[in-house]
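Let me begin by presenting the structure, written as structure tokens, before commenting on it.
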Amino acid sequence: MQVTGLSSVEKSRLSSIFHSSDDGNKGFLDRKDFKVAVVTRFGYKPSKFEVDRIFTEITEKHGKEALTLNGMQINHFLQVMSTKLAAVDQQDVIRQTFLAFDSHCKGFLTMDDFKKAMTKVSPRLADKHKDIESFFREIDRDGDGRVSYKDFEFMMLYDEDGL
């Protein structure tokens with residue numbers, strides 16, 4: 001099965017998620033493992049209906065042998081995730097994340113906003129103020145002490161592939 005539309009970095013991330021979600025190292029994801037993988041990648045727990053629909057679609061497209069012991073193999077997992085990723089509106093995700101960080105609706109983020117957000121998202125990182133300050137300075141490209149939406153968007157879109 002050919003998986004299209006995934007960068008090598010995203011494919012590597014998804015493979016890592018697959019293996020870390022595979023409870024017991026069975027070589028496949030059962031329904032519970034799949035839910036964990038979706039939470040890990042997308043931040044939401046899929047409903048029983050969504051999981052049943054996905055497993056049924058795999059069986060209909062590839063036959064019963066496609067699901068090993070009622071589990072999803074990595075090639076099918078990558079295909080499902082590729083489809084899910086294609087449906088995500090990246091700009092909307094960035095906007096919503098920026099708005100969540102911008103708690104006072106100022107249209108920009110300050111160091112204080114950043115520290116508060118990091119405390120909520122990653123309490124362990126919040127203890128490392130120098131790391132947060134360094135990260136903030138890195139994305140504050142014009143050095144005005146404020147992270148504009150454009151700065152934030154640039155940071156969210158940049159990855160190891162260059163964009």
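Between Val147 and Met155, the closest side-chain pair of non-hydrogen atoms is not below 4.5 Å. Residues Asp33 and Phe28 fail the side-chain proximity criterion, which asks for heavy atoms closer than 4.5 Å. Val39 is not listed as a side-chain neighbour of Tyr44, based on a closest heavy-atom distance of 4.5 Å or more. In this structure, the side chains of His19 and Ile74 come closer than 4.5 Å at one or more pairs of heavy atoms. Counting heavy atoms from C-beta on, the side chains of Asp144 and Phe108 never come closer than 4.5 Å. A 4.5 Å side-chain heavy-atom check between Asp23 and Asp30 finds every atom pair outside the cut-off.
One finds a salt bridge joining Arg41 and Glu10 here, because a Lys/Arg side-chain nitrogen approaches an Asp/Glu carboxylate oxygen to under 4.0 Å. Ion pairing between a basic and an acidic side chain is recognised when a charged N comes within 4.0 Å of a carboxylate O; Arg95 and Glu153 show no such pairing. Ionic pairing of Arg146 and Asp151 is not present here: no N-O contact between side-chain nitrogen and carboxylate oxygen is shorter than 4.0 angstrom. Comment: Lys35 does not engage Glu50 in a salt bridge, judged by the lack of any side-chain N to carboxylate O separation of less than 4.0 angstrom.
In this structure a side-chain-to-backbone donor-acceptor pair under 3.5 Å is present from Asp102 to Gly107. A donor-acceptor contact shorter than 3.5 Å links the side chain of Ser20 to the backbone of Ser16. At least one donor-acceptor pair under 3.5 Å links the side chain of Thr40 to the backbone N or O of Val36. The backbone N or O of Leu78 sits nowhere less than 3.5 Å from a side-chain atom of Ser82 that would complete a donor-acceptor pair.
More than 12 heavy-atom neighbours from other residues, nucleotides or ligands sit within 6.0 angstrom of NZ on Lys106. In the displayed structure, Lys26 atom NZ is contacted under 6.0 Å by more than 12 heavy atoms of other residues, nucleotides or ligands.
Heavy-atom minimum distance, Arg141 versus Lys150: NH2-O, 4.4 Å. Here the closest heavy-atom approach between residue Gly27 and residue Asp22 is recorded as N-OD2, 2.7 Å. Nearest heavy-atom pair across Phe55 and Leu29 is CZ-O, 3.8 Å.
Under the side-chain contact (heavy atoms from CB on, under 4.5 Å) test applied with Ile54, the options Arg31, His76, Met72 reduce to a single match, Met72.
By the 30° and 60° cut-offs, the orientation of the rings of Phe77 relative to Phe18 is tilted. Phe114 and Phe101 have perpendicular rings, their planes meeting at more than 60° on a 0 to 90° scale where under 30° would count as parallel.
Under a hydrophobic-cluster definition in which Ile, Leu, Val, Met, Phe, Trp and Tyr are linked whenever side-chain heavy atoms come within less than 4.5 Å, directly or via other members, Phe152 and Leu99 are assigned to different clusters.
Summarising the geometry, atom CZ belonging to Arg13 is positioned 6.5 Å from atom OG belonging to Ser7; distances are rounded to the nearest 0.5 Å.
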